[in-house]
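As structure tokens, the structure follows; a few thoughts come after it.
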Amino acid sequence: MRRVIKPAEFQGKNTLALARWLLGKVLVRTTSSGRVTATITDVEAYVGEKDLACHASKGRTKRTEIMYQSGGRWYVYLCYGVHEMLNLVTGPADYPAAILVRGLETVSGPGRVTKRLSIDRKLNGALATRAAGLHLQDHGLVPPRGSIKSGPRIGVDYAGPVWAAKSWRFWIEG
DNA sequence: ACAAGGATACCT
DNA sequence: GGTATCCTTGTC
């Protein structure tokens, strides 16, 4: 069983539930030089303006505008002037939330994820469709019960103790 | 332990 | 127009 996941599936649903659900789903990157697929194993949720770790905590700006669009779009930004970060926008329009893809089955670290899949900011704002060159598939692989772990998000100490402590990172053990 | 590296937001 | 800061990584 192999099903294409549509952008609409990321609208109007709880972002934390979506983040957990995204584990085991498959990223499909299509470019002129071919196709690369990878299973998602590590994600983080960023939810709403109140979440001080979320870029949208600064409100609606040129950069965060994409997070206020309806879910199912890619949000790609540059971090530390070095690494591209891949996020999937979730939720309805005007509610800023996104899920950071932090790791793949054979790749640890969000900067390496985008490197592996040849992803950069040119994809920012694109819908998660095959036509855009990056979409998702459900291969029916559900992580074994108990293999899903959760814990604090990485690199967000600046958000203060309350928000940095939220267990909004989800990953498949191993 | 720390430099690299560029965009962003928020000052003046 | 100046500057502190950033959802990191590789090499020191």
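Note: hydrogens, waters and symmetry copies are ignored here, and every other heavy atom, side chains too, is used. Throughout, a chain's letter reflects where its sequence line sits, starting with A, and its residues are numbered from 1.
Between the NZ atom of A:K115 and the C1' atom of C:dG10 there is a distance of 9 Å, given to the nearest Å. For the pair A:M67 CE and C:dC7 P, the interatomic distance rounds to 11 Å; values are reported in whole Å.
Here the side chains of A:R73 and A:F10 are not in contact, with every heavy-atom distance at 4.5 Å or above. Under the 4.5 Å side-chain criterion, counting only non-hydrogen atoms from C-beta, A:M67 is in contact with A:H55. The closest side-chain heavy-atom distance from A:I5 to A:W21 is below 4.5 Å. Side-chain contact between A:L88 and A:V101 is absent, with no heavy atoms from C-beta onward closer than 4.5 Å. Looking at heavy atoms from C-beta onward, A:D120 lies out of side-chain contact with A:T114 at the 4.5 angstrom threshold. Under the 4.5 Å side-chain criterion, counting only non-hydrogen atoms from C-beta, A:M85 is in contact with A:P110.
A salt bridge links A:R60 with A:D94: the closest approach of a Lys/Arg side-chain nitrogen to an acidic carboxylate oxygen falls below 4.0 angstrom. A salt bridge between A:K149 and A:D42 is absent, with no side-chain N of the basic residue lying under 4.0 Å from a carboxylate O of the acidic one. Note on A:R3 versus A:E9: salt bridge recorded, some NZ/NE/NH1/NH2 to OD/OE distance being below 4.0 Å.
Listed in residue order, the members of residues 90-113 of chain A having a heavy atom less than 4.0 Å from DNA chain C are A:L100, A:R102, A:G109, A:P110, A:G111, A:R112. Within residues 68-85 of chain A, the residues approached by DNA chain C to less than 4.0 Å at the level of any non-hydrogen atom are A:Y77, A:Y80, A:H83, A:M85, in residue-number order. Shown for residues 38-55 of chain A: residues whose heavy atoms fall under 4.0 angstrom of DNA chain C, namely A:Y46, A:A53, A:H55. Near-neighbour residues of DNA chain C inside residues 158-169 of chain A, defined by a heavy atom below 4.0 Å, number-ordered: A:Y158.
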### Query
How far apart are the C-alpha atoms of A:V113 and A:H83, what are their side-chain angles, what is the distance that settles it, and do they pass the side-chain contact (heavy atoms from CB on, under 4.5 Å) test?
CA-CA 10 Å; A:V113 166; A:H83 305 287; over 6 Å; no
### Query
Step by step, would you call A:T37 with A:L27 a side-chain contact (heavy atoms from CB on, under 4.5 Å)?
CA-CA 5 Å; A:T37 62; A:L27 273 170; over 6 Å; no
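Contacts of A:R153 with the nucleic acid, taken as non-hydrogen atoms under 4.0 Å apart, are absent.
Both the sub-6.0 Å distance and the 45° axial angle are not jointly satisfied by A:R121 relative to the ring of A:Y77.
A side-chain donor-acceptor contact under 3.5 Å links A:T15 and A:T90. A:R102 and A:T41 share no donor-acceptor pair across their side chains, judged by distance under 3.5 Å alone. No side-chain N or O of A:Y95 forms a donor-acceptor pair with one of A:E49 less than 3.5 Å apart.
Atom OH of residue A:Y75 and atom CD of residue A:Q69 lie 12.5 Å apart, to the nearest 0.5 angstrom.
Counting 5' to 3', DNA chain B first comes under 4.0 angstrom of a heavy atom of chain A and last does so at the ends given by B:dA4 to B:dC10.
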### Message
Dot-bracket, 5' to 3', for DNA chain C please: Watson-Crick or G-U pairs under 3.5 Å, [ ] where pairs cross earlier ones, | where the partner sits on another strand, dots elsewhere.
### Response
||||||.||||.
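Looking at A:W74, its side chain never comes within 3.5 Å of a backbone N or O of A:A132 through a donor-acceptor pair.
Nearest heavy atom pair, residue A:Y158 against residue A:A53, reads OH-O, 2.9 Å.
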